[in-house]
Participant: 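One structure, pasted below without further comment.
The structure presented is a predicted model; accordingly, all values stated were derived computationally and were not measured.
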Amino acid sequence: MLDEAEQILARVAAAYAGCQSYRDTGVVTSTMHSPRRQWTCSERFSTRFVRPGGFLFEYHPWIARSRWGHYATWIENGRARRRWSIRPPLEDAETLHSALGAAAGVSLGTSLRVPELLMPELAAQRSASPPGPARIVRNAEAASQNCIVIGLSRPHLGPGFEEQVWIDATHLFIRRVVEPRHSLPPPPPGNRIRAAQTAANSAADEPLEDETVTIYEPAFNVPMEPADLLSRPFPP
């Protein structure tokens, strides 16, 4: 028998998987800590979805020197397409899941979290560690905003770490996700953006810690036009 936290998560999953359309805008804020300094970067994203077959995810990462990048993946005429401003302008993706997975690191997980709830078949395409224990976390600020907080065990962040997910108690959508401060490994060599951000703010051999807060402004079952589901080139 599911406990209360697992029952809430099951209801959230059913709400996303059963909606006819979905739209969100959001901001993910990462605060990095090194022995010498602390710095914060906030980046924007959005998701649009219409069942069946309409989807668009866009992310705007900070590149350098006040420049913003643009990553987008969407479905056009039944094909997954993507555009990445630091690469050739437009290309077909092997699958929608591969296009979203390619953005998982730079988007700090936002490219997968909600799309995999909207389209559970995407989650089935990747091998992930079984979810850890879930529990209800008492949080006065969340309660004042009509939110329930679920703590999810995240061993990859370190022993005893948990991610906190704020869930709207009325509509069952995700409002906020908080990753607590945790140690970071060095950026992968291929992750040019994160490597550049790190190099600009800390020495290569300095230990780094990160805490991340993702804020969602979501809505279920909203009207959308076909043009709302197609990406447009982002000005440099």
Participant: Do Val12 and Val137 sit in one hydrophobic cluster, given that two such residues count as connected whenever their side-chain heavy atoms are within less than 4.5 Å of each other, even indirectly?
Facilitator: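 No, Val12 and Val137 fall in different hydrophobic clusters.
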Participant: If you define the side chain from C-beta out and look only at heavy atoms, does anything of Ile136 sit under 4.5 Å from Glu4?
Facilitator: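 SC-SC contact between Ile136 and Glu4 confirmed.
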Participant: If the condition is side chain to side chain donor-acceptor pair (under 3.5 Å), which residues does Arg51 pass it with, not counting sequence neighbours?
Facilitator: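 Arg51 satisfies side chain to side chain donor-acceptor pair (under 3.5 Å) with no residue once adjacent residues are dropped.
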Participant: Under 4.5 Å between side-chain heavy atoms, hopping through other hydrophobics if needed: is there a path connecting Leu56 to Leu230?
Facilitator: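 Per the 4.5 Å side-chain linkage, Leu56 and Leu230 are co-clustered.
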Participant: Could you measure the distance from the OH atom of Tyr59 to the OH atom of Tyr71? Nearest 0.5 Å is fine.
Facilitator: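 These two atoms lie 13.0 Å from each other.
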Participant: Can you spot which of Arg83, His70, Arg48 makes a side chain to side chain donor-acceptor pair (under 3.5 Å) with Glu58?
Facilitator: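 Result: among Arg83, His70, Arg48, His70 is the only option passing the side chain to side chain donor-acceptor pair (under 3.5 Å) with Glu58.
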Participant: Residues two or more places apart in sequence or in another chain: which of them pass salt bridge (charged side-chain N to carboxylate O under 4.0 Å, His left out) with Asp24?
Facilitator: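 Listed in chain order: nothing, the list is empty.
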Participant: Is Leu122 reachable from Leu112 through a run of hydrophobic residues whose side-chain heavy atoms are each under 4.5 Å from the next?
Facilitator: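 As far as the 4.5 Å side-chain criterion goes, Leu122 and Leu112 are connected within one cluster.
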Participant: Enter the distance from Phe45:CZ to Leu108:CG here, rounded to the nearest 0.5 Å.
Facilitator: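 Those atoms lie 10.0 Å apart.
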Participant: How would you list, by chain and number, every residue that makes a salt bridge (charged side-chain N to carboxylate O under 4.0 Å, His left out) with Arg11, sequence neighbours excluded?
Facilitator: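 Counting only residues at least two positions away or on another chain, Arg11 forms no salt bridge (charged side-chain N to carboxylate O under 4.0 Å, His left out).
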Participant: Using 0.5 Å steps for rounding, measure from the OG1 atom of Thr73 to the CD1 atom of Ile75.
Facilitator: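 The CD1 atom of Ile75 is 8.0 Å from OG1 of Thr73, to the nearest 0.5 Å.
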Participant: Go through it in stages, so that I can follow the logic: the residues are Glu116 and His97, the test is side chain to side chain contact (heavy atoms under 4.5 Å, CB included), and I'd like the CA-CA distance, side-chain angles, deciding distance and then a yes or no.
Facilitator: CA-CA 9 Å; Glu116 287 188 343; His97 186 265; 3.5 Å; yes
Participant: How close do Trp84 and Pro61 get, counting heavy atoms only, and between which atoms?
Facilitator: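 Heavy atoms of Trp84 and Pro61 come nearest at CH2-CG, 3.7 Å.
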Participant: Is the distance from the ring center of Tyr22 to that of Tyr16 below 6.0 Å?
Facilitator: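 Ring centroids of Tyr22 and Tyr16 are less than 6.0 Å from each other.
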Participant: Using salt bridge (Lys or Arg N to Asp or Glu O under 4.0 Å) as the criterion, point out the one residue from Glu163, Glu6, Glu162 that pairs with Arg135.
Facilitator: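 Going through Glu163, Glu6, Glu162 one by one, the salt bridge (Lys or Arg N to Asp or Glu O under 4.0 Å) with Arg135 is satisfied by Glu162 alone.
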Participant: Could you go through residues 143-152 and list every donor-acceptor pair under 3.5 Å that involves a side-chain atom there, pairing it with any protein atom two or more places apart or in another chain?
Facilitator:
| unit_1 | atom_1 | unit_2 | atom_2 | d |
| --- | --- | --- | --- | --- |
| Ser144 | OG | Glu141 | O | 2.6 |
| Asn146 | ND2 | Thr170 | OG1 | 2.8 |

Participant: Going hydrophobic residue to hydrophobic residue with side-chain gaps under 4.5 angstrom, can you get from Leu96 over to Leu117?
Facilitator: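 Yes; tracing contacts between hydrophobic side chains, which count when under 4.5 Å, links both residues.
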Participant: Would you compute the distance between atom CZ of Phe173 and atom CG of Asp168 and round it to the nearest 0.5 angstrom?
Facilitator: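 One finds 4.5 Å between CZ of Phe173 and CG of Asp168.
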Participant: For Thr212 and Val28, run side chain to side chain contact (heavy atoms under 4.5 Å, CB included): C-alpha distance rounded to whole Å, both residues' side-chain angles, the deciding distance at 0.1 Å, then the answer.
Facilitator: CA-CA 7 Å; Thr212 303; Val28 54; 3.5 Å; yes
Participant: Is the distance between the ring centroids of Phe55 and Trp74 under 6.0 Å?
Facilitator: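 Judged by ring-centre distance (under 6.0 Å), Phe55 and Trp74 do not meet the cut-off.
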Participant: Arg113: what forms a side chain to side chain donor-acceptor pair (under 3.5 Å) with it, not counting sequence neighbours?
Facilitator: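 By the side chain to side chain donor-acceptor pair (under 3.5 Å) rule, Arg113 matches Tyr216.
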Participant: Which atom names give the shortest non-hydrogen contact between Ser42 and Thr29, and what distance separates them?
Facilitator: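 In terms of heavy atoms, the two residues are closest at OG-OG1, 2.8 Å.
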Participant: Run the numbers on Thr31 and Thr40 for side chain to side chain donor-acceptor pair (under 3.5 Å), then give the verdict.
Facilitator: CA-CA 4 Å; Thr31 303; Thr40 297; 3.3 Å; yes
Participant: Which heavy atom of Thr47 sits nearest a heavy atom of Phe57, and at what distance?
Facilitator: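 Minimum heavy-atom contact is OG1-CD1, 3.7 Å.
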Participant: Assigning hydrophobic clusters by single linkage (Ile, Leu, Val, Met, Phe, Trp, Tyr; side-chain heavy-atom cutoff under 4.5 Å), is Val27 placed with Val165?
Facilitator: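 No, Val27 does not connect to Val165 through the hydrophobic network.
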Participant: Find the distance between CG (Leu9) and CD1 (Ile167) and round it off to the nearest 0.5 Å.
Facilitator: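 If I round to the nearest 0.5 Å, the distance is 5.0 Å.
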Participant: Can you see which heavy atom on Ala103 is nearest to which on Ser111, and at what distance?
Facilitator: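 Taking Ala103 first and Ser111 second, the nearest heavy atoms are C-OG, 3.5 Å.
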Participant: OG of Ser107 to NE2 of His60: how many Å apart, nearest 0.5 Å?
Facilitator: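 It comes to 12.5 Å.
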Participant: Please enumerate all residues that pass side-chain contact (heavy atoms from CB on, under 4.5 Å) together with Val222, with sequence neighbours excluded.
Facilitator: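 Listed in chain order: Ser21, Arg23, Ala219, Met224.
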